[in-house]
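Values reported hereafter were calculated over all heavy atoms of this structure, with side chains retained and with hydrogens, waters and symmetry mates removed.
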Amino acid sequence: MPQPVLRMNSISKHFGMTKALSNMSITLEASEVHAIVGENGAGKSTIIKIMTGIHQPTSGKIEVDGKTRKITGPQAAREAGIAAIYQEPMVFPDLDVAENIFISDNSTGVLVHPAEQRKRARALIERIGIKLDPSRIASGLTLAEQQAVEIARALSQDVRVLIMDEPTASLSAHEAEQLRKIAQNLAGQGVAVVYISHRLEEIFEISDRVTVIRDGRHISTKPIAKVTSDGMITEMVGRDFGKYFAKTASTAQDEVILEVRNLTLDGVFEDISFDLHRGEVLCMAGLVGARRTDVALAIFGVIPPTSGSIKFKGQTTKFTNPRTAIEAGIAYVSEDRRKLGLAMPMAIKSNVSMATLDSFLSPLGLLKREKEGKVARHFIDSLNIRTPDVETPVGMLSGGNQQKVMLAKWLNLNPDLFIFDEPTRGIDIGAKAEVHDLIRSIAAKGGAALLISSDLPEVLAMGDRILVMREGHQMSIVKHSEATQETVMMHATGQRQEAI
């Protein structure tokens, strides 16, 4: 029997008193797609960083081709044939595709022959199985094309283990399908592909074997044929989560809290009209390019609309900036928590107080640090945020816990209306269930939620009504009792439109 390409033997990793991994063992075979699944904070990122040399294990060993090998840094990982691509690709926008592929190639010395370089790049691109011009400037590439460039770069370095960390989280359905085919194609060429995704349907579509981890420990490794969705979820979270994704009874009231009429932003969206009631969750569904986020930003005052009207709590208004919307009682939970939602280097307590900082200031303008810490600890307990203390920088937390901190920031405002923009993107199923419960709780207490989501099961489970958009146009508003994945997709793709 051939040796496994890579084997992690009893790997443990400690960060001070925190045990990120405990006695973790994983074996990667050539020509397989091996999925690693687990909640945020389960240890997936630490495994990747140990494989790629960013972190060194506290104990245990790594074998490559049956021989113990120390991966002392990224260069050592490349020499061992290990590479990783992430949700956010790293390309140089001013260089062309070929230059990006061979950016780390020193084999030609100081002399570079562009024609020969592009010829080599074309061969690598063909090996991946996509169409991409090697002379094209990278600034014009789509996210999926950028990821393909990174894969080609890894192939140029004789990759044997390719780690794909949430590669489809920000892609359209078509782009995601294309990337999954690339992964399977590479496995067919002898590469061991490590695939990490919170989209469980992808795991069943692409994987040969699945390893489940929980709290830094190995739970199971099974062939995909022996894995069920319910069984995998139970192993990931340690309990049955089936009931969390069933639709609960509506708590919508008669009072209209938000009334939008013929809202238009020239060249972006037009004639958006809907009512949102207290106690209601109104979902906005649509494909990439539907312009749902632009509508939400216009309501929140980030992008002033060209025409149309907004009534909030019975008063006609036109928010000129986010501050005026916040003061009126509207919160916006951004889809991009790292760039727009949180200050990643700052402590949890500083992020929680950010939207309501005035309430933490003394008459002399001094920050009430004790109050700030007390409020942060309250949300850490009530939202089950996994962290050593309130001083921990948010950037050190897992994605799901970062999302909870962002929710805490807005919950502290106690708003009447929450706008949630892809609130569960990139977080695990346990954290997703907790976010769903929180949204339902907000509605049950008389708040209102406008929920933008590209996850159809989420839309169907959460929405009292579903507003479907396509390319800046409102296609329909569907009642929950009449909504199915098929009907929503028919509206989203333009196969059906209903008069509003």
Side-chain angles (χ1 to χ4, degrees), residues 1-11 21 24-38 42-52 60-69 71 77-78 80-87 124 127-130 147-148 150-168 176-214 218-229 231-232 235-236:
M1 292 288 291
Q3 291 284 351
V5 176
L6 184 145
R7 177 183 284 139
M8 297 179 72
N9 285 319
S10 302
I11 296 290
L21 296 178
M24 180 69 66
S25 296
I26 296 176
T27 299
L28 304 179
E29 306 284 354
S31 301
E32 75 164 344
V33 178
H34 192 128
I36 299 178
V37 298
K44 302 186 298 296
S45 294
T46 305
I47 290 172
I48 293 172
K49 289 175 180 177
I50 288 175
M51 286 183 178
T52 55
K61 65 180 182 178
I62 294 177
E63 295 180 4
V64 178
D65 294 327
K67 298 179 180 179
T68 300
R69 186 159 184 168
I71 311 296
R78 285 192 290 270
I82 303 168
I85 68 165
Y86 301 93
Q87 181 177 340
L124 290 168
R127 181 179 169 188
I128 294 173
I130 65 169
Q147 289 178 326
E150 286 208 324
I151 294 171
R153 184 188 301 156
L155 291 177
S156 75
Q157 300 166 2
D158 297 323
V159 68
R160 303 188 60 217
V161 175
L162 180 64
I163 303 164
M164 304 178 78
D165 186 13
E166 294 288 352
T168 65
E177 175 65 23
Q178 186 179 40
L179 196 66
R180 290 192 292 270
K181 288 180 179 178
I182 290 174
Q184 291 174 314
N185 186 26
L186 292 176
Q189 298 175 34
V191 177
V193 178
V194 179
Y195 199 86
I196 297 174
S197 176
H198 289 306
R199 296 179 173 177
L200 299 189
E201 67 275 10
E202 288 189 341
I203 301 301
F204 285 97
E205 179 179 341
I206 194 173
S207 306
D208 297 301
R209 290 193 297 156
V210 180
T211 290
V212 178
I213 64 174
R214 185 175 72 240
H218 177 273
I219 301 301
S220 70
T221 297
K222 301 175 184 175
I224 192 63
K226 295 185 178 180
V227 177
T228 66
S229 179
M232 181 163 55
E235 288 187 337
M236 285 169 58

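- In this structure Ala30 satisfies the side chain to side chain contact (heavy atoms under 4.5 Å, CB included) test together with Val5, sequence neighbours excluded.
- A donor-acceptor pair under 3.5 Å is absent between the side-chain atoms of Asp165 and the main chain of Ile196, judged by distance alone.
- Applying the salt bridge (Lys or Arg N to Asp or Glu O under 4.0 Å) test to residues at least two apart or on different chains, none of the pairs has a partner in residues 183-196.
- Closest heavy-atom contact between Lys44 and Ile36: CD-O, 3.8 Å.
- Taken from CD1 in Ile71 to CE in Met8, the straight-line distance is 10.0 Å, to the nearest 0.5 Å.
- Residues satisfying the side-chain hydrogen bond (donor to acceptor under 3.5 Å, both in side chains) criterion with Arg7, sequence neighbours excluded, are Glu63.
- The two residues Phe204 and Thr228 make their nearest non-hydrogen contact at CZ-C, 3.6 Å.
- Residues meeting the side-chain hydrogen bond (donor to acceptor under 3.5 Å, both in side chains) test with Arg214, sequence neighbours left out: none.
- Counting heavy atoms from C-beta on, the side chains of Tyr86 and Pro167 never come closer than 4.5 Å.
- A distance of 10.5 Å separates CD of Gln178 from CD of Gln147, quoted to the nearest 0.5 Å.
- Put simply, CD on Gln184 and CG on Leu179 are 10.5 Å apart, with the number rounded to the nearest 0.5 Å.
- Note: Arg69 CZ to Ile62 CD1 = 10.5 Å, rounded to the nearest 0.5 Å.
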request  = Take Val161 and Leu28 through the test side chain to side chain contact (heavy atoms under 4.5 Å, CB included) and record every step on the way to the result.
outcome  = CA-CA 8 Å; Val161 175; Leu28 304 179; 3.8 Å; yes
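- Residues satisfying the side chain to side chain contact (heavy atoms under 4.5 Å, CB included) criterion with Thr46, sequence neighbours excluded, are Lys13, Phe15, Ala20, Leu21, Ile50.
- Between Ser156 and Leu124, the shortest heavy-atom contact is CB-CD1, 3.6 Å.
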query = Please walk me through it: do Met232 and Leu200 pass side chain to side chain contact (heavy atoms under 4.5 Å, CB included)?
reply = CA-CA 9 Å; Met232 181 163 55; Leu200 299 189; 4.0 Å; yes
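- When the side-chain hydrogen bond (donor to acceptor under 3.5 Å, both in side chains) test is applied to Lys222, the partners found at least two apart in sequence or on another chain are Glu235.
- In this structure, the salt bridge (charged side-chain N to carboxylate O under 4.0 Å, His left out) partners of Glu150, at least two apart in sequence or on a different chain, are Arg153.
- Side chains of Ile224 and Asp208 form no contact here, defined as non-hydrogen atoms less than 4.5 Å apart.
- Of all the heavy atoms in Ala154 and Leu162, the pair that sits closest is CB-CD1, 4.0 Å.
- Rounded to the nearest 0.5 angstrom, Thr52 OG1 and Ile82 CD1 are separated by 8.0 Å.
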Derivation and outcome, side chain to side chain contact (heavy atoms under 4.5 Å, CB included), residues Val194 and Met164 = CA-CA 6 Å; Val194 179; Met164 304 178 78; over 6 Å; no
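- Residues that satisfy the side chain to side chain contact (heavy atoms under 4.5 Å, CB included) test with Ala35, not counting sequence neighbours, are Ile203, Ser207, Val210.
- Remark: Arg180 engages Glu177, Glu202, Glu205 in a salt bridge (charged side-chain N to carboxylate O under 4.0 Å, His left out) (not counting sequence neighbours).
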message = Checking His218 against Val212 for the side chain to side chain contact (heavy atoms under 4.5 Å, CB included) test, could you report, in this order, the C-alpha distance in whole Å, the side-chain angles of both residues, the deciding distance, and whether it holds?
response = CA-CA 6 Å; His218 177 273; Val212 178; over 6 Å; no
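- Between Asn185 and Gly129, the closest heavy-atom pair is ND2-N, 4.2 Å.
- Taken to the nearest 0.5 Å, the CG atom of Leu155 stands 5.5 Å off from the CG atom of Leu186.
- Scanning for side-chain hydrogen bond (donor to acceptor under 3.5 Å, both in side chains) contacts around Glu32 gives His34, Arg209, with sequence neighbours left out.
- Here the side chains of Thr27 and Thr221 are not in contact, with every heavy-atom distance at 4.5 Å or above.
- Without hydrogens or angle criteria, Gln189 side chain to Arg127 main chain gives a donor-acceptor distance under 3.5 Å.
- Across all their heavy atoms, Ala187 and Val33 have their closest contact at CB-CG2, 3.8 Å.
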